Novice: 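Below you'll find the structure I mean.
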2 protein chains.
Amino acid sequence: MKQHISHESGERALIAAIRSRAGRSGGGGLRLGIGDDCAILRPPAGHEIVVTTDLSLEQVHFRRDWHPPESVGHRCLARGLSDLAAMGSKPLGAFLSIALPPELTIREKGKSWLDRFLDGLLALADQAGVPLAGGDTAQSPSLAARGGMQSGLAAADIVLVGSVKQGRALLRSGARAGDKIYVTGNLGGAAAELLAIGRHPEKFAGAHKMQAGHPHLFPAPRILIASRLASARRIHSAIDVSDGLSTDLAHICEESGVAAEIDAEAIPIHPLALQAELDGWVASALGLALHGGEDYELLFTAAKGVQIPRRVASVEVHAIGQIVARRGRRPSIVLRQRDGKTTALESGGWEHFSAQ
Amino acid sequence: MKQHISHESGERALIAAIRSRAGRSGGGGLRLGIGDDCAILRPPAGHEIVVTTDLSLEQVHFRRDWHPPESVGHRCLARGLSDLAAMGSKPLGAFLSIALPPELTIREKGKSWLDRFLDGLLALADQAGVPLAGGDTAQSPSLAARGGMQSGLAAADIVLVGSVKQGRALLRSGARAGDKIYVTGNLGGAAAELLAIGRHPEKFAGAHKMQAGHPHLFPAPRILIASRLASARRIHSAIDVSDGLSTDLAHICEESGVAAEIDAEAIPIHPLALQAELDGWVASALGLALHGGEDYELLFTAAKGVQIPRRVASVEVHAIGQIVARRGRRPSIVLRQRDGKTTALESGGWEHFSAQ
């Protein structure tokens with residue numbers, strides 16, 4: 001943990017808050033944490049290292065008036081853990097680079113925004129057994145605006161380093177024609193909860209502890225299930241559902257040079273997405289499940305004959321379609337509707353609230 | 001390399017520019033680069049992993065009107081490489097998370113700000129033999145200001161992953177009473193050049209290629225020299241001079257539980273710092289050498305009897321003092337002046353231009 005603006009009190013508070021709490025999460029692979037030029041991690045013998053970085057920017061990935069700080073911290077780490085899960089990797093250490101405007105480090109009523117951000121991040125870190133091993137801090141500069149100064153924005157970059165047995169990483173590129181396609185949990189819940197937050201943010205201000213039933217605010221990365229699937233060596237390809245099923249399955253198809261057919265009937269839809277349809281917020285819950293992002297479920301393929309349990313690590317696993325050979329200019333993903341008709345499934349992707 | 005605001009053209013341009021160029025730097029330890037959920041690195045057998053992250057924020061670490069984009073890219077990577085050097089580690093891969101306002105991805109006269117930033121970063125990456133293995137991108141949001149919108153700020157987080165033989169990492173905590181203190185190259189040059197840039201930024205706009213003589217714009221991280229010193233197993237402790245000699249030596253003293261005496265006469269002072277004194281910009285070139293930061297030289301200690309060459313990897317190495325036992329409340333660092341008198345050396349640290 002290094003320090004750049006050494007004479008600013010906000011910066012000192014930021015560093016002190018993080019250093020004092022980083023030691024709480026310990027892990028077997030961490031040999032040297034915060035306090036030197038680098039952290040040292042010791043991966044198990046015969047393992048490779050996997051690394052992912054994820055930016056979280058205020059107004060792009062979260063809003064201070066919509067997301068409790070605990071949720072922002074949780075979501076930062078969850079995104080990185082989910083990327084590790086998609087490789088079948090176990091986490092060795094997390095690194096947090098964070099830039100905050102001074103007011104977010106001031107303690108009011110006992111806790112600052114930063115304290116609560118760290119509460120959320122470290123609760124998930126403890127649960128996942130990953131130590132906060134280092135990072136960097138800076139004070140986010142204010143901007144000159146007509147008539148005064150505009151407060152700077154919060155920004156965090158989370159880095160996850162994990163390990164996986166040599167050659168056993170789950171890749172996007174391994175899908176083969178004939179594979180069945182599976183997804184964990186259910187889909188569309190994160191997008192549905194975000195719709196609800198946008199309508200009534202005040203109802204979600206109290207959701208400050210990691211808890212089930214908040215697929216957007218407190219998603220559960222599938223580290224354990226992915227690690228078990230990777231150990232079983234029966235998975236051909238995997239990705240996490242971050243941009244939405246339609247986009248993430250397209251990534252597998254593209255990287256593997258294949259196409260896919262999925263069955264609308266088989267898509268597991270989150271209860272919050274069904275409720276959003278009942279309430280008339282969206283035309284179709286299925287649309288949220290197909291295109292809504294940030295569910296952080298695991299999407300993977302396995303050869304047809306391989307037995308995939310219907311539950312792994314207490315999470316349901318659903319078969320939703322199959323991988324087929326790519327043919328010329330035909331669409332790479334086809335959706336089989338409930339009436340048997342098929343339509344091309346375009347990548348819908350995920351539009352952040354900032355663009356709405 | 002992931003994508004978050006999928007429908008913004010600036011974001012697409014950002015990802016395309018980075019993806020298209022990342023492959024140019026190849027390295028032996030990189031098994032899987034940009035294009036999956038994580039990158040995969042393969043450290044040599046019997047090695048540990050070292051990780052460092054460094055934030056670079058516009059208005060804090062650089063200014064668009066002072067720093068050519070090539071310098072910003074170079075400096076981002078140099079900071080991380082210097083941290084690896086201070087551990088005696090060799091780089092395996094670099095990861096770049098970057099948030100940019102849209103105008104920095106627009107190509108005018110052939111190259112955008114981002115193109116030139118990548119020119120600077122990748123030139124140094126090639127020289128250091130480190131592949132750009134992944135990262136993340138986002139569009140830096142504009143801020144509402146009275147009377148219009150204020151463009152967002154550029155921010156980059158650079159992550160360096162390296163490897164070092166198990167147990168051979170150079171730490172801050174290994175200094176012992178009786179050690180001699182050494183520093184590579186010379187000091188104060190970066191601070192002196194920054195003073196010059198602040199006075200006449202237009203004179204430095206053409207410094208767009210990595211070249212000697214620009215200790216602030218294009219510092220040279222000491223990867224090779226550090227790796228040789230670590231292999232020789234004669235170094236007790238090391239740190240890089242990022243916050244300034246007085247601060248960084250204090251870090252070694254604190255982590256090692258020792259004190260230090262340094263000789264003013266022995267401090268190698270950069271010619272630009274001497275020039276700044278001659279020009280009357282600063283009272284003392286020695287002050288710049290003691291307290292100016294961002295020289296990215298290597299500061300290390302070794303037992304008294306150990307032979308340290310006066311040049312390593314074409315860089316001069318100077319003995320500047322010795323480690324002594326800590327005694328009660330006495331100052332941890334004492335400076336022996338040219339006239340033989342000693343004074344306590346307080347950590348001067350480095351105040352960024354934003355605070356000036």
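Side chains are part of it too, since the values below use all heavy atoms of this structure and drop only hydrogens, waters and symmetry mates. Residue numbering restarts at 1 for every chain, and letters A, B, ... go by the order of the sequence lines. Owing to the predicted nature of the structure, the values given are computational and were not obtained by experimental measurement.
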Novice: Please flag which part of B:Ala155 lies under 4.5 Å from any non-hydrogen atom of chain A: side chain, backbone, both or neither.
Specialist: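 For B:Ala155, no heavy atom lies under 4.5 Å from chain A.
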
Novice: Applying side chain to side chain contact (heavy atoms under 4.5 Å, CB included) to B:Leu32 and A:Leu171, what does each step give before you reach the verdict?
Specialist: CA-CA 10 Å; B:Leu32 183 71; A:Leu171 305 183; 3.6 Å; yes

Novice: Are any of the side-chain heavy atoms of B:Met87 and A:Ile40 separated by less than 4.5 Å?
Specialist: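 Of all side-chain heavy-atom pairs linking A:Ile40 with B:Met87, at least one is under 4.5 Å.
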
Novice: Please identify each residue that fulfils salt bridge (charged side-chain N to carboxylate O under 4.0 Å, His left out) with A:Glu254, with sequence neighbours left out.
Specialist: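 A:Glu254 satisfies salt bridge (charged side-chain N to carboxylate O under 4.0 Å, His left out) with no other residue.
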
Novice: Can you tell which of B:Leu84, B:Val164, B:Val161, B:Ile239 has the highest number of heavy-atom pairs within less than 4.5 Å of chain A?
Specialist: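 Ranked by heavy-atom pairs under 4.5 Å with chain A, first place is B:Ile239.
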
Novice: Using non-hydrogen atoms and a 4.5 Å limit, figure out which bit of B:Ser151 sits close to chain A: side chain, backbone, both or neither.
Specialist: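 Interface part for B:Ser151: backbone (N, CA, C, O).
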
Novice: Evaluate side chain to side chain contact (heavy atoms under 4.5 Å, CB included) for B:Val159 paired with A:Phe95, printing each intermediate quantity in order.
Specialist: CA-CA 9 Å; B:Val159 182; A:Phe95 298 80; over 6 Å; no

Novice: Which distance, rounded to the nearest 0.5 Å, do you find between the CD of A:Gln166 and the CZ of B:Arg31?
Specialist: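 It is 7.5 Å, given to the nearest 0.5 Å.
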
Novice: Measure the CG-CG distance between A:Asp136 and B:Asp54 for me, rounded to the nearest 0.5 Å.
Specialist: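 These two atoms lie 5.0 Å from each other.
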
Novice: Measuring heavy-atom distances to chain A, does B:Val50 have an atom under 4.5 Å in its side chain, in its backbone, in both, or in neither?
Specialist: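 For B:Val50, backbone and side chain are both near chain A.
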
Novice: How close do A:Arg172 and B:Gly35 get, heavy atom to heavy atom, and via which atoms?
Specialist: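 It is NH1-O, 3.4 Å.
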
Novice: Show the nearest heavy-atom pair for residues B:Ala238 and A:Asp37, with the distance to one decimal.
Specialist: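 Minimum heavy-atom separation between B:Ala238 and A:Asp37: O-OD2, 3.7 Å.
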
Novice: So, for B:Pro141 and A:Glu58, which heavy atoms are closest and what is the spacing to 0.1 Å?
Specialist: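 Minimum heavy-atom contact is CG-O, 3.6 Å.
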
Novice: Just by distance, do the side chain of B:Asp157 and the backbone of A:Ser97 share a donor-acceptor pair under 3.5 Å?
Specialist: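 Answer holds: no.
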
Novice: Mind checking the OG1-CG spacing from B:Thr52 to A:Asp36? Nearest 0.5 Å is all I need.
Specialist: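 One finds 10.0 Å between OG1 of B:Thr52 and CG of A:Asp36.
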
Novice: Can you say whether B:Leu153 sits under 4.5 Å from chain A via the side chain, the backbone, both, or neither, judging by heavy atoms?
Specialist: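 For B:Leu153, the side chain is the part near chain A, not the backbone.
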
Novice: Rounded to the nearest 0.5 Å, how far does CD1 of B:Ile49 lie from CG of A:Leu30?
Specialist: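 Separation between the atoms: 13.0 Å.
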
Novice: Mind checking side-chain contact (heavy atoms from CB on, under 4.5 Å) for A:Ser237 and listing every partner two or more places apart, or none if nothing turns up?
Specialist: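 side-chain contact (heavy atoms from CB on, under 4.5 Å) list for A:Ser237, sorted by chain: A:Ala175, A:Ile252, A:Thr301.
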
Novice: Could you tell me the separation between the CD1 atom of A:Ile158 and the OG1 atom of B:Thr53, rounded to the nearest 0.5 Å?
Specialist: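 The CD1 atom of A:Ile158 sits 9.5 Å away from the OG1 atom of B:Thr53.
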
Novice: Kindly determine whether A:Val51 and B:Cys38 satisfy side chain to side chain contact (heavy atoms under 4.5 Å, CB included), including the steps that lead there.
Specialist: CA-CA 5 Å; A:Val51 184; B:Cys38 299; 5.9 Å; no

Novice: Looking at A:Ser142 and B:Gln59, what are the two nearest heavy atoms and their distance?
Specialist: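 Shortest heavy-atom contact: O-OE1, 3.5 Å.
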
